[in-house]
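Worksheet for the structure shown next.
Quick note: numbers below take in every heavy atom, side chains included, and nothing from hydrogens, waters or symmetry partners. Just so you know, residue 1 is the first one in the sequence shown, and it goes up from there.
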Amino acid sequence: ITPEWSDWRNAWFWWIQSVYVYPMFRKQGVFRALYQHVRTAAMEIGDVCGLRLYVETENTAAKRVYETMGMRKAYYQMYEEDWSTSSA
C-alpha cells in the first residue's frame, strides 16, 4: 500500500501496488480477499478517502474484476516520462 495525500479531499488515498495473481490462482477470490482486507483497514483508520490502483489499458479482465469490487474508472488519465528504458 502506498499512501497519497489528496489536498482536494483533505484525506489519503491508498494505492494498491503491483497487483498480480498467477493464472492458476485466478477466479479463486485471491484479489477479492486482498481488496476486502485493505478496504476494511482503510475504513477503520478514518482519514482514508478511497483506494486506487493502476490497470493496463487493454487488461479488460482485470477491469471487470475491479468494477465487480465496486471500483470505477477514474476521471484522470496518467502521463509519464519514463527514463528506465532508455539512456536519457
Side-chain angles (χ1 to χ4, degrees):
I1 301 299
T2 302
E4 175 192 24
W5 180 252
S6 172
D7 53 348
W8 291 96
R9 294 174 179 88
N10 194 32
W12 294 95
F13 274 103
W14 278 9
W15 284 84
I16 301 173
Q17 297 287 347
S18 301
V19 173
Y20 183 81
V21 177
Y22 285 102
M24 63 191 288
F25 297 111
R26 293 180 186 163
K27 297 184 180 181
Q28 296 182 35
V30 173
F31 178 76
R32 179 178 301 277
L34 168 78
Y35 186 83
Q36 289 176 337
H37 176 78
V38 171
R39 186 175 189 275
T40 299
M43 293 180 84
E44 286 175 358
I45 287 178
D47 65 348
V48 179
C49 63
L51 302 176
R52 289 181 169 167
L53 52 75
Y54 290 111
V55 62
E56 292 181 359
T57 304
E58 286 88 28
N59 194 341
T60 55
K63 290 178 184 180
R64 280 193 303 272
V65 169
Y66 303 150
E67 290 169 4
T68 299
M69 299 302 304
M71 299 187 91
R72 61 179 170 72
K73 183 178 177 183
Y75 176 75
Y76 302 101
Q77 292 184 14
M78 187 179 77
Y79 285 77
E80 67 181 10
E81 183 175 0
D82 183 357
W83 299 315
S84 66
T85 59
S86 67
S87 58

Is the shortest heavy-atom distance from the side chain of Met69 to the side chain of Gln36 under 4.5 Å?
-> yes

Main-chain N/O of Val21 paired to Arg26 side chain as donor or acceptor, under 3.5 Å | yes

Determine whether Tyr54 and Tyr20 fall in the same hydrophobic cluster, where Ile, Leu, Val, Met, Phe, Trp and Tyr are linked whenever their side-chain heavy atoms lie under 4.5 Å apart.
-> no

One should read off an interatomic distance between Thr60 OG1 and Glu58 CD, to the nearest 0.5 angstrom, of 9.0 Å

How close do Phe31 and Val19 get, heavy atom to heavy atom, and via which atoms?
-> CD1-CG1, 3.8 Å

Taking all heavy atoms of Thr57 and all of Lys63, pick out the closest pair and write down the distance.
-> O-NZ, 2.5 Å

Closest non-hydrogen atoms of Ala11 and Asp47, given as atom of the first, atom of the second and distance, are CB-O, 3.4 Å

If you group Ile, Leu, Val, Met, Phe, Trp and Tyr by side-chain heavy-atom gaps below 4.5 Å, do Val30 and Tyr22 land in one group?
-> yes

Mind checking whether Trp15 and Leu34 sit in one hydrophobic cluster, side chains of I, L, V, M, F, W, Y counted as touching below 4.5 Å?
-> no

Would Tyr76 end up clustered with Trp14 when hydrophobic side chains under 4.5 Å apart are linked, directly or stepwise?
-> no

Of all heavy-atom pairs between Leu53 and Ile16, which one has the smallest distance, and what is that distance?
-> CB-O, 3.5 Å

Taking the six-membered ring of Tyr66 (Phe, Tyr or Trp), confirm whether the NZ or CZ of Arg52 is under 6.0 Å from its centre and within 45° of its axis.
-> no

State yes or no: do Val65 and Met71 share one hydrophobic cluster built from I, L, V, M, F, W and Y residues joined by side-chain heavy-atom distances below 4.5 Å, directly or via other members?
-> yes

Trace of the side chain to side chain contact (heavy atoms under 4.5 Å, CB included) decision for Val55 with Lys73 = CA-CA 10 Å; Val55 62; Lys73 183 178 177 183; over 6 Å; no

So does Gln17 have more than 12 non-hydrogen atoms from other groups sitting under 6.0 Å from CD?
-> yes

Within a strict 4.5 Å, meaning less than it, do heavy atoms of the Leu51 and Tyr35 side chains meet?
-> yes

Is atom CE of Met24 surrounded by more than 12 heavy atoms (other residues, nucleotides or ligands) closer than 6.0 Å?
-> no

Compare every heavy atom of Pro3 with every heavy atom of Trp12, then report the nearest pair and how far apart it is.
-> CE3-CB, 3.7 Å

Please indicate whether Gln28 has more than 12 foreign heavy atoms, meaning atoms of other residues, nucleotides or ligands, lying under 6.0 Å from its CD.
-> yes

